[in-house]
Number of protein chains: 2
Amino acid sequence: MSGTHTDVPSVVAHELPRPVPLDEFAACPVGEVFRRVGDRWSMLLVILLGRRSYRYNELHRAIEGISQRMLTRTLRGLETDGLVHREVHPTVPPSVEYSLTPLGRTLLEPLSALADWAVLHEPEIAKARAERIRGGGPSSDL
Amino acid sequence: MSGTHTDVPSVVAHELPRPVPLDEFAACPVGEVFRRVGDRWSMLLVILLGRRSYRYNELHRAIEGISQRMLTRTLRGLETDGLVHREVHPTVPPSVEYSLTPLGRTLLEPLSALADWAVLHEPEIAKARAERIRGGGPSSDL
DNA sequence: CAGCATCCACTCTGATACTG
DNA sequence: CAGTATCAGAGTGGATGCTG
């Protein structure tokens, strides 16, 4: 693992004599950040906006599958967290330009790393998934 | 995970009726993979299992906040996708050991990169979020 | 053009109770 | 110990209609 965040491991990884909960781990920012960026559209928008700035309907057309509602919601969320900048040009008709903030641009790299992983290994995942299903899934309510 | 999906790209996914520039991206495996790993517990388990193997109740205690249901579901999901290996030792009482597969271990690095980003920039996000809220929250159902 | 409001379906998550 | 079954609530995402 490459220099991990919650390095509490001196306790956890070696001895673990008692039920040391991973408080510092379970409650660490990773989960929160994933909740923000791990939804259906956020990371897509971040990577997209990493190339250039877009206008609202431009994004709507580019993604093709996202609803106005989710586009707006996602952009607002990213804006709220300081990842995306929203600039309104008071023209007629109005035009709004979305772009990444410096903070948002820093996210671009780790996100791309994960995206690359996804592209690279998706076939393996699909294969593993298919094999499991053929084996007879215990379904549950999954 | 029922909606947009690009099926196994190996052989079958070269010609789709799509009108967009982002096709290879918007419908690419990134979204699917994020849906798998982007839930509340998956990446936590992956990073945790990246250190060593764990038994079921050991994980349950370690994470402290996850329900049995979600622990089982998440493990099953990761197992289905070939990221986690589940080995049952036919002892009495039974013991089940969970560990990362080689594929799962490859995920560890990009995941850690993102985790590092999260830890590093979480304060900025929290700050940006706090400032936005003071500005006046939009109603909507966000 | 760039949204907001409303309704609705589906998913995710957790609490609780029970089993081999 | 290592799960499974069921119920219920919150959250997510989409369709449609309307506005400045």
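A note on names: the letters A, B, ... follow the listed sequences, proteins ahead of strands, and every chain is numbered from 1.
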(request) Could you pick out which residue, Tyr56(A) or Thr74(B), lies toward the 5' side of DNA chain C when each is mapped onto its nearest nucleotide? (result) Tyr56(A)

(message) Rounded at 0.5 Å granularity, tell me how far CG in Leu49(A) sits from CG in Leu83(A).
(response) 10.5 Å

(message) Would you compute the distance between atom CD of Gln68(A) and atom CG of Leu59(A) and round it to the nearest 0.5 angstrom?
(response) 12.0 Å

[N] [atom2] sits how many Å from [X] [atom1], rounded?
X: His60(B); N: dC1(D); atom1: NE2; atom2: P; result: 11 Å
X: Gln68(A); N: dT6(C); atom1: CD; atom2: C1'; result: 14 Å
X: Arg73(B); N: dC12(C); atom1: CZ; atom2: P; result: 6 Å
X: Leu75(B); N: dG3(D); atom1: CG; atom2: P; result: 8 Å
X: Arg55(B); N: dA2(D); atom1: CZ; atom2: C1'; result: 9 Å
X: Met70(B); N: dT16(C); atom1: CE; atom2: C1'; result: 16 Å
X: Tyr98(A); N: dA2(C); atom1: OH; atom2: P; result: 8 Å
X: Arg76(A); N: dT12(D); atom1: CZ; atom2: C1'; result: 18 Å

(message) So for the helix from dC1(C)-dG20(D) to dG20(C)-dC1(D), with five pairs setting each end axis, what is the inter-axis angle to 10°?
(response) 50°

(message) I want to check one thing: is the phosphate of dG13(D), taken as OP1 and OP2, less than 4.0 Å away from some side-chain N or O of Arg35(B)?
(response) yes

(message) Between Arg40(B) and dG14(C), is there a contact of a side-chain N or O with OP1 or OP2 at under 4.0 Å?
(response) yes

(request) Establish, from distance only, whether the side-chain atoms of Thr72(A) and Tyr56(A) form a donor-acceptor pair under 3.5 Å. (result) yes

(message) Testing the 3.5 Å rule here: is there a donor-acceptor pair between the side chains of Glu97(A) and His89(A)?
(response) yes

(request) Would you indicate what Gly65(A) reaches in the nucleic acid, counting non-hydrogen atoms under 4.0 angstrom: base, sugar-phosphate, or nothing? (result) sugar-phosphate

(message) Does Arg69(B) contact dT13(C) through a side-chain donor or acceptor facing the base, at a distance under 3.5 Å?
(response) yes

(message) Assess whether a salt bridge exists between Glu58(B) and Arg52(B), defined as any Lys/Arg side-chain N lying under 4.0 Å from an Asp/Glu carboxylate O.
(response) yes

(message) Looking at every heavy atom in both Ala115(A) and Ile47(A), which two are closest together, and how far apart are they?
(response) CB-CD1, 4.2 Å

(request) Might you point out which heavy atoms bring Arg86(B) and Val88(B) nearest each other, and give the distance in Å? (result) NH1-CG2, 3.8 Å

(message) If you assign each of Glu97(B) and Ser67(A) to its closest nucleotide in DNA chain D, which residue comes earlier from the 5' end?
(response) Glu97(B)

